[in-house]
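Below is one structure; the comments refer to it alone.
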Amino acid sequence: MSEPETQSSESIAFRDRRQKSGNPMMWMTVFTVIFVVTFGMIKSSILNHWFSLIFWAPVAYLTATAVIAVFCGLPHTLRNRAIVVAEHLGLICLMFANTAGWYLWLKGTAQAALLRGCVSAMWLLSIAGIVLIIETIRRGQLRWKPWVPKTLRLCIGAMIVTIGVEGMSLYLEPRQNSEPLPKALPKSGDHAFCVAAIGGSTTVGFPYVPNWGIGQVATLQLQERFPNQNVEFSNLAETGVNLEGAVALLRNLRRQPNFLLVYSGHNEFFYDTEELWKSQNTTWGIDRFLIHSPAFRVISPILSQTTFTSDQISDDSAFVSTTWPPFIDRRRRLRYCAHLARLFTWAKANDTTVVFCIPAADEATCTPLASFCDAKNDNIKRRVEQLWLQARERQTAERWKDAISACEDGLKIAPNFAAFHFLAGQSHRQLGQAAQAQSCFQMACERDQFPIRIRESYRIAGREVAEQHGVLIVDCPKVLRESSRDGFLDEEFFLDGVHPNLRASYLLGTTIAQTIINSSALTGEDANSARESKLLSFEECTQRLNVTKETLVSAYRTTATVLRQYHYFAADGDQNRLQAADRFAAWADQLSAGDITPGEAGTESLTE
């Protein structure tokens, strides 16, 4: 065989192998999908330099494209080549967007567009199907146009999908909490009175449920003070609800309460996150039509919550680049006050005495989850993060004044950076500068962009509404400060920054009971006798409410889980919550194994 014939046969064999190896369009599409997903998951901890990202991502993609072209060949048709070019241009835009910090915005916008496109397509095809069915019946034949049968099948399929999706969404759609409050409920007998409680997880008694909680302790103290009365406790609280949801839970009342405990305010941020996301993004014009779709009303808030959380919280940085506007905070605070006013008005009309508890939280050891930095320059952002790390390192070395200096330098660049306020507060506290520390802690809480604790502005607003309506007030932060070591609220009273521990729950529950006993709502000889009798001690309460070692084991394991969830949203490098979670998990294991008893190795005592 001659040499040209040999080369020709080898070329043909190579071409055949390439054709057998697969469709080049398929492999390029598969690789593009893999690359997009992988690229979207890249963290700056892996590619720390801007130039590295710009250089290596295109090199990796072009290299893989070349390998596919060598083994599978190039697309043969003009259409397929155009698709390949579009893929390349799209990936170039993706790389630029990720580098410029637009990736999450583009992702959220694409998700929003996909949702609106799918819902619109469902309804448009369904409407078109109805029109086609009517016209087909009128004409008396199926194939009155060549395209009608296929189109009709498509539209009927869309109608079936629409009925299924919209019907299920209508069933799953959360009901509005603006339902009327209960009226004409039966009252307690002559020798009984009812205490009801509404709120979130703290009111439930989390994480000690069902044995222990603020309301449980208050009821036990009241029953001890009124031995001739049957004190009934109706805990209507649910974990995670905000005030609006808590008020709606009054529909579960079976009798008119004599006293109503209200402890709510920590969960105001987590509700209506779609409102937060839309405050930073323009509303789509088509939304005024799609709002009539149950599927859109159910999916859009969930999608918006995911998008807002992803956009707000970045675990590869110490800060977020967007913030929810002040008018949103004001609007929500006014809404919070309106629900309180509505509740207090209802209670007064039904002869129910309200005990409004101003919520308390850890201010001195619960770090902010998200700090806001609006610097557009990457060098300034890196400087802010360097100062944040520098302040933390100086605190570790107990160089408190130097740490304050680093925080002050950082606040000159990023005045709303919550972590700087918090670190400065911790340093001032160590130096014995209580007033400065208190101010810094309050500023840190107010500027936290992912708040899990009630803000001071909500406490002030809630107190004003309560005073206007003349309800009983229990200032929970004040109660705990009076029993603290140095006047600050920290892990001495709280497990995870929000939920009070055994001792704090006892102090608050006992204060609530004392407030009720001292109020003018209780009259007669029993009330006078109760005011003179002795309160149950902490040990007596734990024994009567059956708080045991097993209760602590369950509570500590639950707390460890919660702290790990909080850590997910914290800035990279902030290991405080993760370390606390490991500590609680270790305590739970040691208590369960019998290696330690309650009160040892840092665990809570059941007797002191």
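Model, not experiment: these values are computed from the prediction. Heavy-atom basis, side chains included; hydrogens, waters and symmetry copies ignored.
In this structure, NZ on K478 lies 13.5 Å from CG on L489, to the nearest 0.5 angstrom. Taken to the nearest 0.5 Å, the CZ atom of F494 stands 9.0 Å off from the OG1 atom of T365. In this structure, NZ on K412 lies 12.5 Å from SG on C407, to the nearest 0.5 angstrom.
Between the side chains of H428 and Q433, at least one donor N or O sits under 3.5 Å from an acceptor N or O. H266 and T202 form no side-chain donor-acceptor contact under 3.5 Å, judged by distance and modelled atom types alone. Between R116 and Q111, the side chains place no donor N or O within less than 3.5 Å of an acceptor N or O (distance only, hydrogens not considered). For the 3.5 Å distance criterion, the side chains of Q449 and S371 fail to qualify, holding no donor opposite an acceptor.
A salt bridge does not link E244 with R335: every distance from a Lys NZ or Arg NE/NH1/NH2 to an Asp or Glu carboxylate oxygen is 4.0 Å or more. Look at R481 and E363 and you find a salt bridge, because one of the NZ, NE, NH1 or NH2 atoms lies within 4.0 Å of a carboxylate O, short of that distance. Looking at R463 and D475, a side-chain N of the basic residue comes within less than 4.0 Å of a carboxylate O on the acidic one, giving a salt bridge. Salt bridge annotation for R255-E232: present, with a cationic side-chain nitrogen under 4.0 angstrom from a carboxylate oxygen. We find that D486 and R429 are joined by a salt bridge, their nearest charged nitrogen and carboxylate oxygen being less than 4.0 Å apart. Between R577 and D496 there is no salt bridge, since no side-chain nitrogen of the basic residue lies less than 4.0 Å from a carboxylate oxygen of the acidic one.
Between the side chain of R557 and the backbone N or O of S554 there is no donor-acceptor pair closer than 3.5 Å. Within the 3.5 Å criterion, the main-chain N or O of P182 finds a donor-acceptor partner in the side chain of W346.
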| task | Start with the C-alpha distance between R254 and L185, add both sets of side-chain angles, then the distance that settles side chain to side chain contact (heavy atoms under 4.5 Å, CB included), and finish with yes or no. | result | CA-CA 7 Å; R254 293 297 173 262; L185 291 170; over 6 Å; no
| task | Step by step, work out the side chain to side chain contact (heavy atoms under 4.5 Å, CB included) result for L236 and L253. | result | CA-CA 8 Å; L236 305 177; L253 278 173; 3.6 Å; yes
| field | T510/Q221 under side chain to side chain donor-acceptor pair (under 3.5 Å): CA gap, chis, key distance, verdict | value | CA-CA 7 Å; T510 300; Q221 296 282 23; 3.1 Å; yes
| message | Walk me through whether Q426 and F441 qualify under side chain to side chain contact (heavy atoms under 4.5 Å, CB included). | response | CA-CA 8 Å; Q426 286 188 317; F441 288 141; 3.9 Å; yes
| said: Run D448 and R455 through salt bridge (charged side-chain N to carboxylate O under 4.0 Å, His left out) and show every step you take. | reply: CA-CA 9 Å; D448 189 351; R455 292 181 167 182; over 6 Å; no
| task | Give the C-alpha distance, both sets of side-chain angles, the deciding distance and a yes or no for side chain to side chain donor-acceptor pair (under 3.5 Å) between Y171 and E166. | result | CA-CA 9 Å; Y171 174 75; E166 297 290 5; over 6 Å; no
| task | Could you please spell out the steps behind the side chain to side chain contact (heavy atoms under 4.5 Å, CB included) verdict for F206 and V562? | result | CA-CA 11 Å; F206 184 91; V562 170; 3.7 Å; yes
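Residues Y506 and C541 approach most closely at CE1-SG, 3.7 Å, considering heavy atoms. The shortest heavy-atom contact between M122 and S126 is O-OG, 2.7 Å. Minimum heavy-atom separation, N267 to G240: ND2-C, 3.4 Å. Counting all heavy atoms, side chain and backbone alike, Y208 lies closest to N501 at OH-CA, 3.4 Å. Contact detail for C366 and R453: the closest heavy-atom pair is O-NH1, 3.4 Å. The nearest pair of heavy atoms linking I214 to P500 is CD1-CG, 4.4 Å.
At least one side-chain heavy atom of L250 sits under 4.5 Å from a side-chain heavy atom of L343. Taking the side chain as every heavy atom from C-beta outward, L387 and F420 approach each other to under 4.5 Å. At a threshold of 4.5 Å between non-hydrogen side-chain atoms, the residues V262 and V355 do not count as touching. Considering only heavy atoms from C-beta on, I517 comes within 4.5 Å of F226 through its side chain. Residues I358 and V474 have side chains not in contact (no heavy-atom distance under 4.5 Å, counting atoms from C-beta outward). Inter-residue side-chain proximity for T203 and S264 is flagged as unmet; no heavy-atom pair is nearer than 4.5 Å. By the 4.5 Å heavy-atom criterion applied to side chains, E385 and K381 are not counted as neighbours. Put simply, the side chain of K348 does not reach to within 4.5 Å of the side chain of H469, judged on heavy atoms.
Partner of F493 under the side chain to side chain contact (heavy atoms under 4.5 Å, CB included) criterion, chosen from D362, L507, L508: L507.
Aromatic pair F356/Y263: ring centres not closer than 6.0 Å.
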